[in-house]
There are 2 protein chains.
Amino acid sequence: MIKDYNDLKWDAIQRMEEVERCLFWQGSLGRTELALRLRMSNPQTTAILKQYQQLNPGKIGLNNSSKRYEVNDSVKNLFYTPSLSDLDSHSDTFEIDSYAMSAPSRRTPMDVVRNVARTIYQNKSIDIFYHSHNEPNGKRRRITPHTFVTTTRRTHIRAWCHESKGFRDFIVGRISETGTQSEPGQTLMSDEAWHTLLILKLKPNPKLDSAQKKLIEMDFEVQEGVREIKVKQALLWYYFELYNLWPEHQIQDPKHQPVILGNIDIMAFLNKVPTKK
Amino acid sequence: MIKDYNDLKWDAIQRMEEVERCLFWQGSLGRTELALRLRMSNPQTTAILKQYQQLNPGKIGLNNSSKRYEVNDSVKNLFYTPSLSDLDSHSDTFEIDSYAMSAPSRRTPMDVVRNVARTIYQNKSIDIFYHSHNEPNGKRRRITPHTFVTTTRRTHIRAWCHESKGFRDFIVGRISETGTQSEPGQTLMSDEAWHTLLILKLKPNPKLDSAQKKLIEMDFEVQEGVREIKVKQALLWYYFELYNLWPEHQIQDPKHQPVILGNIDIMAFLNKVPTKK
DNA sequence: CAAAACAGTTAAATTTTTTAACTGTTAATG
DNA sequence: CATTAACAGTTAAAAAATTTAACTGTTTTG
């Protein structure tokens with residue numbers, strides 16, 4: 001009768017995930033509440049909760065006083081990995097408000113995303129009309145995309161550019177049109193700057209006093225004065241942009257530049273492969 | 001036999017959502033593929049696809065040549081709302097790579113998130129140990145949180161602060177401990193700065209040449225020279241931070257400040273209510 | 001102390017899903 | 001150019017999941 005995690009069918013896994021989702025955000029879950037959420041009858045809901053208890057013993061227990069199942073956070077989740085973006089998409093069903101600041105500079109036209117995604121899925125290339133810094137009015141290009149890259153500022157597409165014969169990043173919001181698909185160029189495998197990992201070292205800005213430094217060390221999880229981050233060479237430029245790391249900006253107010261570059265030599269990699277300058 | 005959207009049970013809705021998810025990202029979906037994804041038998045999978053066709057006529061059609069169902073993008077989705085964060089959480093099952101840049105300054109300890117979420121859910125207040133700019137070593141406070149706010153830089157909690165007797169923003173990553181819950185203070189309703197909407201006006205940086213301006217206008221969806229954004233007064237500061245809008249920074253390279261403030265008078269609201277300075 | 005609000009239970013009826021053995025179509029293969 | 005492989009689609013009986021309807025038991029509330 002006790003089933004293994006792997007014996008469950010897809011439907012059952014979805015339900016178990018929903019159970020854990022409720023438990024994580026609410027801390028407790030009533031049977032009637034679950035029956036309403038899953039639109040199921042009471043006997044079946046009871047069965048599901050029993051099944052959950054067998055699969056993940058000790059995670060939940062009925063509190064006779066509140067008449068609700070209460071969660072034991074020291075037992076790990078089996079089905080649900082919590083994240084804030086998940087709260088965003090489910091906050092309407094919980095009574096927990098969640099608000100994402102809208103930022104127009106990051107607009108991501110979903111029809112472009114869709115057509116590029118399908119190009120990746122089919123291992124093809126695609127015609128795009130792209131507005132770059134050098135050609136703001138736009139130019140037709142053919143690219144073989146391999147990965148969507150979400151930086152803190154915008155969404156990019158990492159792709160082989162058939163025009164410039166190299167791997168480049170394309171900002172999704174600057175693609176105004178997508179065209180027909182055709183045979184691919186170079187693929188993920190040969191994107192060296194993508195596969196090269198560098199160590200980026202960050203230090204608190206020395207202009208901060210020691211108490212403020214501690215705060216920054218907390219924010220950045222600094223260990224022994226330096227925070228080391230493994231960074232794809234292809235994305236190095238965006239880390240400079242994010243943390244405002246260019247040495248010529250170090251004159252700035254440390255409020256706008258809480259960390260500075262710990263290994264200047266890494267800047268050599270910024271231009272080595274023409275990623276984006 | 002033809003069922004209405006509302007007649008479907010929870011399980012069925014989840015499945016339909018999965019069907020639309022596959023269709024959106026892949027553009028096509030095979031019956032055998034769907035059977036594997038849903039871990040269902042072939043006859044049942046056929047039934048589900050038929051049911052989908054009845055619910056959303058014209059959305060999919062079998063291509064006899066590829067022997068796969070192909071999507072008609074001009075017919076709207078009924079169950080699935082696409083987003084890039086959704087691709088992130090499902091990209092392992094599609095052959096579409098997706099990579100999110102890690103940014104240590106945004107760390108969000110999920111145990112803190114969890115305990116605060118449950119406090120909101122239960123309409124209570126909670127003790128936290130908070131490291132602010134003025135008190136980097138941390139101080140115990142009691143807050144009544146009402147909303148999670150995701151800005152482009154980090155996750156905040158909007159809350160009534162029992163110590164300073166006002167609504168404040170707390171950076172999740174700067175909460176080092178959460179304590180016991182108790183009775184709430186002021187709630188969402190009385191947070192004026194949260195409910196006050198302002199119009200923020202953005203213009204392309206005049207130092208840009210006209211071609212570059214066009215590009216920025218595309219990025220920001222500028223209409224007739226100005227982009228207007230409705231902004232909660234409580235979040236105004238973060239827009240200044242995001243777009244680097246402080247007038248004293250206007251000397252900067254327009255690469256780092258693509259847009260400037262269109263309505264200087266709005267700055268009065270930055271300090272009016274002590275949100276964060 | 002009675003009522004309300006829950007969780008939990010049972011057994012028969014109903015619905016969904018699987019199993020196993022089929023047909024039909026298209027593209028690729030020798 | 002016939003054969004095969006790879007798919008979608010079908011059927012009917014068997015099995016499994018779910019609902020319905022009528023219950024019991026416990027704790028808090030008024």
Side-chain angles (χ1 to χ4, degrees), chain A residues 1-19 22-23 26-55 57-72 95 121-122, chain B residues 1-19 22-23 26-55 57-72 95 121-122:
Chain A
M1 193 91 300
I2 296 183
K3 287 193 177 177
D4 182 9
Y5 177 106
N6 299 302
D7 288 342
L8 293 180
K9 40 175 65 175
W10 190 87
D11 283 354
I13 291 174
Q14 299 305 113
R15 285 193 303 240
M16 293 302 170
E17 195 182 317
E18 184 71 9
V19 168
C22 296
L23 289 168
Q26 301 187 344
S28 67
L29 179 60
R31 188 198 62 175
T32 308
E33 183 202 342
L34 184 61
L36 280 170
R37 284 182 183 277
L38 301 184
R39 305 228 224 133
M40 291 206 125
S41 66
N42 282 346
Q44 190 60 15
T45 311
T46 301
I48 286 165
L49 284 164
K50 265 192 182 159
Q51 199 182 30
Y52 182 75
Q53 282 176 306
Q54 289 184 323
L55 288 163
K59 180 72 178 177
I60 53 173
L62 184 64
N63 178 326
N64 277 322
S65 165
S66 66
K67 285 167 188 161
R68 290 171 70 82
Y69 284 89
E70 290 184 354
V71 75
N72 174 356
E95 317 247 286
Y121 174 70
Q122 292 176 57
Chain B
M1 192 91 299
I2 297 181
K3 288 193 177 178
D4 182 8
Y5 177 106
N6 299 303
D7 289 342
L8 293 180
K9 39 176 65 175
W10 190 87
D11 284 352
I13 291 175
Q14 300 304 114
R15 285 194 302 241
M16 293 302 171
E17 194 182 318
E18 185 70 9
V19 168
C22 295
L23 289 168
Q26 302 187 343
S28 67
L29 178 60
R31 189 199 60 175
T32 308
E33 183 202 343
L34 183 61
L36 280 170
R37 282 182 184 278
L38 301 184
R39 305 229 224 130
M40 290 206 125
S41 65
N42 282 345
Q44 190 59 16
T45 310
T46 300
I48 285 166
L49 285 164
K50 265 192 181 158
Q51 198 183 29
Y52 182 75
Q53 282 177 306
Q54 289 184 322
L55 288 163
K59 179 73 177 176
I60 55 173
L62 184 64
N63 178 325
N64 279 320
S65 166
S66 67
K67 287 168 187 160
R68 290 171 69 81
Y69 284 89
E70 290 184 354
V71 76
N72 174 357
E95 319 246 285
Y121 174 69
Q122 291 175 59

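Labels below follow one simple rule: chain letters A, B, ... track the order of the sequence lines, proteins then strands, and each chain is numbered from 1. A quick note: this is a predicted structure, and the numbers were derived from the prediction, not measured. Side chains included, hydrogens not; waters and symmetry mates left out as well; all remaining heavy atoms used.
Annotation: the terminal axes of the helix from dC1(C)-dG30(D) to dG30(C)-dC1(D) meet at 30°, where each axis is the rotation carrying the C1' atoms of four end pairs onto the next four (5 pairs per end, rounded to 10°).
At whole-Å resolution of the value, CZ in R68(B) and C1' in dT26(C) are 15 Å apart. Rounded to whole Å, the distance from CG on D11(A) to P on dT17(C) is 7 Å. To the nearest angstrom, C1' of dA8(D) lies 12 Å from CD of Q53(B). dT17(C) atom C1' lies 15 Å from atom CH2 of W10(A), rounded to whole Å. In this entry the distance linking CZ of R31(B) with C1' of dT18(C) reads 14 Å, nearest Å. Whole-Å rounding puts the E70(B) CD to dA8(D) P distance at 12 Å. Spacing between atom CG of L62(B) and atom C1' of dT25(C) amounts to 10 Å, rounded to whole angstrom units. Distance Q51(B) CD to dT16(C) P: 9 Å, rounded to the nearest Å.
At a threshold of 4.0 angstrom between heavy atoms, the contacts of N63(A) with the nucleic acid are absent. Looking at heavy-atom distances under 4.0 Å, L49(A) makes no contact with the nucleic acid at all.
Not counting sequence neighbours, the partners of E70(B) by the side-chain contact (heavy atoms from CB on, under 4.5 Å) test are S28(B), N63(B), S66(B). In this view, K67(B) satisfies the side-chain hydrogen bond (donor to acceptor under 3.5 Å, both in side chains) rule with no residue, not counting sequence neighbours. Applying the side-chain contact (heavy atoms from CB on, under 4.5 Å) rule to L62(A) yields the partners N64(A), Y69(A); only residues at least two apart in sequence or on another chain are considered. For the side-chain hydrogen bond (donor to acceptor under 3.5 Å, both in side chains) test, residues two or more places apart in sequence or in another chain that qualify with Q26(B) are Y121(A), E33(B).
When side chains are defined from C-beta on, L38(A) does not count as touching T45(A), because their heavy atoms never get closer than 4.5 Å. Contact annotation: the side chain of R37(B) never approaches that of W10(A) to less than 4.5 Å [non-hydrogen atoms, C-beta and beyond].
Residue D11(B) forms a side chain to side chain donor-acceptor pair (under 3.5 Å) with just one option from K9(A), R15(A), Q14(A), and that option is R15(A).
The shortest distance between the side-chain N/O atoms of T46(B) and the OP1/OP2 oxygens of dT10(D) is not below 4.0 Å.
Nearest heavy atoms, L49(A) versus R31(A): CD1-CG, 4.0 Å. Smallest separation of non-hydrogen atoms from N42(A) and A35(A): OD1-CB, 3.7 Å.
When distances are taken from the side chain of R15(B) to each of dT17(C), dT10(D), dA7(C), the shortest belongs to dT17(C). Checking dG8(C), dC6(C), dG9(D) against the side-chain heavy atoms of Y69(A) singles out dG8(C) as nearest.
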Could you run through nucleotides 19-30 of chain D and give me one letter per nucleotide, 5' to 3': B if any protein heavy atom sits under 4.0 Å from the base, S if only the sugar-phosphate is that close, - if neither?
BBB----BBS--
